[in-house]
Visitor: 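Here you go, one structure.
Per chain, numbering begins at 1; letters A, B, ... match sequence-line order.
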Amino acid sequence: MTTALDSINNRKPRVRFAPSPTGPLHIGGVRTALYNWLFAKKHGGTFILRIEDTDQQRFVPGAEEYIIETFKWLDIDFDEGVHIGGKFAPYRQSEREEIYMKYAQYLVENNWAYYAFDTPEALDEKRREFERRKETFQYGTLTRASMCNSLTLSAQEVNDKINTGTPYVIRFKYPDNHEIVVEDMIRGTVKVNSSLLDDKVLFKSDGMPTYHLANVVDDHLMEITHVIRGEEWLPSTPLHQMLYQAFDWTPPQFAHLPLLLKPDGNGKLSKRDGDRLGFPVFPLQWKDPQSRETSSGYRESGYLPDALINMLALLGWNPGTEQEIMSKDELIQLFSIEKVSKSGAKFNLEKAKWFNQQYIQKLSVKTLTEQFLLILKKHNIDAPAEYVENIVALVKERISFINDLWEESNFFFIAPTSFDEQIIKKRWKEDTPQRLKEIAQIIGETSPFQRDSLHNAISEYITQNNLNMGQIMNCLRLSLVGAAKGPDLFEIINLLGANEVVKRINNAISTIAKNNI
RNA sequence: GCCGCAUUCGUCUAGUUGGCCUAGGACGCAAGGUUUUCAUCCUUGAAAUCAGGGGUUCGAAUCCCCUAUGCGGUACCA
């Protein structure tokens with residue numbers, strides 16, 4: 001048996017991400033792709049995007065485009081795939097339809113598979129019959145002899161059925177009582193006995209292969225060296241292992257990733273959880289073409305691609321050091337399959353926010369300003385770029401998402417019309433209006449009109465009148481901002497300008513007086 | 001039901017050749033500090049008897065067995 005290390009040394013790894021286009025890509029799927037990508041990059045290998053659309057019933061229009069757009073956004077690049085081609089094209093299984101039949105037939109000819117003519121109705125009936133006896137029906141070594149298939153029918157009967165167009169499937173024929181051993185790079189050795197397994201359908205009556213056949217055939221044809229996929233595939237890996245044996249092919253190395261769990265309770269993270277707990281489960285926003293229902297995405301929620309990638313990478317993997325913030329390049333350097341953990345990881349919204357905050361802080365004021373200008377436009381605000389840039393510089397350290405910029409600085413663009421009641425109650429005294437009027441006058445007269453000179457002028461007023469900062473600053477802030485929040489007040493005054501400041505002070509005095517009669 | 005996988009602070013995890021672990025870090029939480037406010041930031045703190053029980057050993061989170069719990073699979077879905 002070759003080890004993972006051997007094959008890495010012998011040849012460059014080829015890995016694939018193989019989603020099925022049945023809807024928007026789940027964030028767990030994004031992580032699976034990410035691990036594949038990191039693995040490929042780390043070892044100088046090839047990363048492939050293959051679309052597994054063998055289930056025509058579940059096909060959702062737009063899903064494939066969504067997948068491609070997701071990785072474009074994340075800047076995770078494929079070397080081969082549906083959208084870019086490659087020497088093993090086509091990469092869409094529906095376009096490889098004719099390939100699979102001959103492999104299924106090879107299996108039948110070599111006694112590794114058989115035709116089965118049992119109708120879905122007959123199978124349902126069989127299952128119900130077993131259920132009545134409190135048993136579970138299993139189309140396998142114990143029951144296949146009593147079913148309608150090429151093992152029980154004569155060759156003549158089988159031929160007649162096929163020639164007259166009777167629908168049939170091809171099932172895998174497990175050898176009796178055979179111990180199947182799978183080596184997993186993350187979990188070690190996994191053993192299962194063949195008599196416990198179902199004779200899985202490999203080829204459906206609609207002329208398409210099932211996942212099991214298509215996946216093995218394509219992985220072999222595309223020279224995939226490592227299959228890195230979700231843990232939900234672990235139970236069917238013995239079948240895949242047997243398939244490689246039946247074809248006399250060298251199997252790839254397997255690595256089954258732990259699941260992404262919902263933040264509360266247990267179980268796989270699902271679409272519903274996102275809506276329920278207020279965070280996206282999808283990388284991009286998705287409008288369901290059927291129900292027209294919209295699900296939120298990380299991109300639209302203001303997450304930065306690299307922050308998402310960093311967070312996702314650490315959900316189930318850890319470099320073993322205390323470093324948590326890692327660029328894509330560092331991730332590639334540090335990544336190793338062996339360090340992937342075995343148990344499922346719960347998604348944590350707070351930590352996701354923290355990651356984004358870390359990455360936002362690395363962005364330049366210029367970049368943030370460009371983004372913010374777009375947001376301002378949506379709020380119908382047309383402000384000079386220079387002004388906006390000054391504001392961004394001031395509030396940058398307070399934000400975790402680009403969208404927070406608006407929340408943190410909207411008072412720069414729109415004068416407050418209401419004032420925090422709590423603060424009024426606590427700070428607004430009888431002499432406040434008079435004091436503020438005097439402050440307004442001082443501000444109007446301050447020259448040069450700069451942060452430091454404003455600071456000096458107001459401080460001087462405060463000491464001269466035997467006051468302390470708190471007595472003036474809180475109400476002044478309330479007048480200008482409407483609440484007890486925001487950056488340095490003198491900076492605010494400086495940016496707002498004397499006229500606007502005086503206007504706001506007067507407005508606050510009259511509004512608050514009115515409301516307190 | 002059957003089969004498989006997993007189980008260290010609330011969460012993500014370090015720990016992997018048994019001793020340096022009176023179990024480390026991060027998020028979150030609490031307290032204090034900085035500040036004119038809020039946030040940031042800084043400091044400190046609480047927080048896992050390593051699922052439980054048996055072994056093996058001078059010594060186990062680390063090895064073995066059992067139990068429990070959780071999850072995954074059990075489709076002519078992937």
Visitor: Nearest to the side chain of Met469(A), heavy atoms from C-beta on, is which of rA78(B), rU36(B), rC76(B)?
Guide: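 Looking only at heavy atoms from C-beta outward on Met469(A), the closest nucleotide is rU36(B).
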
Visitor: His256(A) and side-chain hydrogen bond (donor to acceptor under 3.5 Å, both in side chains): which partner among Glu232(A), Glu231(A), Arg229(A), Lys342(A)?
Guide: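 Testing His256(A) for a side-chain hydrogen bond (donor to acceptor under 3.5 Å, both in side chains) against Glu232(A), Glu231(A), Arg229(A), Lys342(A) leaves exactly one candidate, Arg229(A).
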
Visitor: I want to verify a distance call: between rG24(B), rC77(B), rG72(B), whose nearest atom is closest to the Glu322(A) side chain?
Guide: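 Between rG24(B), rC77(B), rG72(B), the one nearest the side chain of Glu322(A) would be rG24(B).
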
Visitor: Is there a side-chain polar atom (N or O) of Arg477(A) under 4.0 Å from OP1 or OP2 of rC38(B)?
Guide: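 No, because none of the side-chain N or O atoms of Arg477(A) sits under 4.0 Å from OP1 or OP2 of rC38(B).
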
Visitor: Would you kindly give the CZ-to-C1' distance between Phe137(A) and rA75(B), to the nearest whole Å?
Guide: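 It works out to 12 Å between those atoms.
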
Visitor: Considering only rA26(B), rA78(B), rG24(B), which nucleotide approaches the side chain of Trp354(A) most closely?
Guide: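 Taking heavy atoms from C-beta onward, the closest nucleotide is rA26(B).
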
Visitor: Could you check if a side-chain atom of Phe411(A) sits within less than 4.5 angstrom of a side-chain atom of Ile414(A), using non-hydrogen atoms only?
Guide: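 With C-beta onward as the side chain, the pair stays apart.
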
Visitor: What nucleotide, of rG4(B), rG73(B), rC41(B), holds the atom closest to the side chain of Glu232(A)?
Guide: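 Closest nucleotide to the Glu232(A) side chain: rG73(B).
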
Visitor: When only distance counts, do a donor and an acceptor, one from the side chain of Lys351(A) and one from the base of rA26(B), lie under 3.5 Å apart?
Guide: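 Side chain to base: pair found, below 3.5 Å.
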
Visitor: Where the side chain of Asn318(A) is defined as all heavy atoms beyond and including C-beta, which of rG4(B), rG72(B), rA14(B) is the nearest nucleotide?
Guide: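 Per side-chain heavy atoms of Asn318(A), the pick is rA14(B).
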
Visitor: I need the single residue from Asp218(A), Asp53(A), Asn215(A), Asp55(A) that forms a side-chain hydrogen bond (donor to acceptor under 3.5 Å, both in side chains) with Gln93(A). Which is it?
Guide: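 For Gln93(A), the side-chain hydrogen bond (donor to acceptor under 3.5 Å, both in side chains) test succeeds with only one of Asp218(A), Asp53(A), Asn215(A), Asp55(A), which is Asp218(A).
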
Visitor: Identify whether any heavy atom of Asp118(A) sits under 4.0 Å from a base atom; if not, whether one sits that close to sugar-phosphate; answer base, sugar-phosphate or nothing.
Guide: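 Base, at least one base heavy atom under 4.0 Å.
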
Visitor: Any side-chain N or O of Lys204(A) below 4.0 angstrom from OP1/OP2 of rC77(B)?
Guide: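 Lys204(A) to rC77(B) OP1/OP2: side-chain N or O found under 4.0 Å.
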
Visitor: Among rC77(B), rG73(B), rU40(B), which nucleotide has an atom closest to any side-chain atom of Arg58(A)?
Guide: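 Given the options rC77(B), rG73(B), rU40(B), the side chain of Arg58(A) is closest to rC77(B).
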
Visitor: Should Arg398(A) and Pro487(A) count as side-chain neighbours, where that means a heavy-atom distance under 4.5 Å?
Guide: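 Counting from C-beta outward, Arg398(A) and Pro487(A) do come under 4.5 Å.
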
Visitor: Looking at rC76(B), I'd like to know if its phosphate oxygens (OP1 or OP2) sit under 4.0 Å from a side-chain N or O belonging to Thr210(A).
Guide: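 For rC76(B), OP1/OP2 do not have a side-chain N/O of Thr210(A) under 4.0 Å.
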
Visitor: Heavy atoms only, 4.0 Å cut-off, all strands: where does Arg171(A) land among base, sugar-phosphate and nothing?
Guide: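 If one applies the 4.0 Å heavy-atom cut-off, Arg171(A) turns out to touch the sugar-phosphate alone, with no base involved.
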
Visitor: Base, sugar-phosphate alone, or nothing: which one does Arg229(A) contact when heavy atoms must sit under 4.0 Å apart?
Guide: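 If one applies the 4.0 Å heavy-atom cut-off, Arg229(A) turns out to touch nothing in the nucleic acid.
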
Visitor: Less than 4.0 angstrom between a side-chain N/O of Lys339(A) and OP1 or OP2 of rG15(B), yes or no?
Guide: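 Result: yes.
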
Visitor: Distance check, P atoms only: rU67(B) and rA61(B), in whole angstrom units.
Guide: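 Here rU67(B) and rA61(B) have their P atoms 23 Å from each other.
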
Visitor: Taking the same atom, P, in rU49(B) and in rG53(B), what whole-Å distance lies between them?
Guide: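 My reading of the P atoms in rU49(B) and rG53(B) gives 11 Å.
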
Visitor: Please give the nucleotide sitting opposite rU16(B) as a Watson-Crick or G-U wobble pair, both distances under 3.5 Å, or none.
Guide: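 When the pairing criteria are applied, nothing turns out to pair with rU16(B), so the answer is none.
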
Visitor: As a test of reading the structure: which of rA26(B), rG72(B), rC76(B) is closest to the side chain of Glu324(A), going by heavy atoms?
Guide: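 Output: rA26(B).
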
Visitor: Can you check the distance between rA31(B) and rA39(B), where both ends of the measurement are the P atom (answer in whole Å)?
Guide: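 After rounding to an integer number of Å, I get 12 Å for this pair.
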
Visitor: Would you mind reading off the distance between Arg398(A) atom CZ and rC41(B) atom C1', rounded to a whole angstrom?
Guide: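 Arg398(A) atom CZ is separated from rC41(B) atom C1' by 12 Å.
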
Visitor: Set out, in order, the CA-CA distance, both residues' side-chain angles and the distance that settles side chain to side chain donor-acceptor pair (under 3.5 Å) for Thr143(A) and Ser146(A), then state yes or no.
Guide: CA-CA 6 Å; Thr143(A) 54; Ser146(A) 62; 5.6 Å; no

Visitor: To the nearest 0.5 angstrom, please state how far the CD atom of Glu52(A) sits from the OH atom of Tyr91(A).
Guide: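 That separation rounds to 13.5 Å.
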
Visitor: Specify the separation, in whole Å, of atom CG of Asn356(A) and atom P of rC12(B).
Guide: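 Taking atom P of rC12(B) as the reference, CG of Asn356(A) is at 21 Å.
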
Visitor: If you check the Glu231(A) side chain, which of rU13(B), rC5(B), rC3(B) turns out closest?
Guide: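 The nucleotide sitting nearest to the side chain is rC5(B).
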
Visitor: Round to the nearest Å and state the distance from Asp206(A) atom CG to rC76(B) atom P.
Guide: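 These atoms are roughly 12 Å apart.
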
Visitor: Side chain of Ser20(A): nearest nucleotide among rU11(B), rA26(B), rA78(B)?
Guide: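 That would be rA78(B).
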
Visitor: I want to verify a distance call: between rG24(B), rU37(B), rC71(B), whose nearest atom is closest to the Lys485(A) side chain?
Guide: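 When the side chain of Lys485(A) is considered, rU37(B) is the closest of rG24(B), rU37(B), rC71(B).
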
Visitor: Atom CD of Glu350(A) to atom P of rU13(B): distance rounded to whole Å?
Guide: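 Between P of rU13(B) and CD of Glu350(A): 17 Å.
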
Visitor: Look at the side-chain N and O atoms of Thr54(A) and state whether any lies under 4.0 Å from the OP1 or OP2 oxygen of rA78(B).
Guide: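 Yes, within the criterion.
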
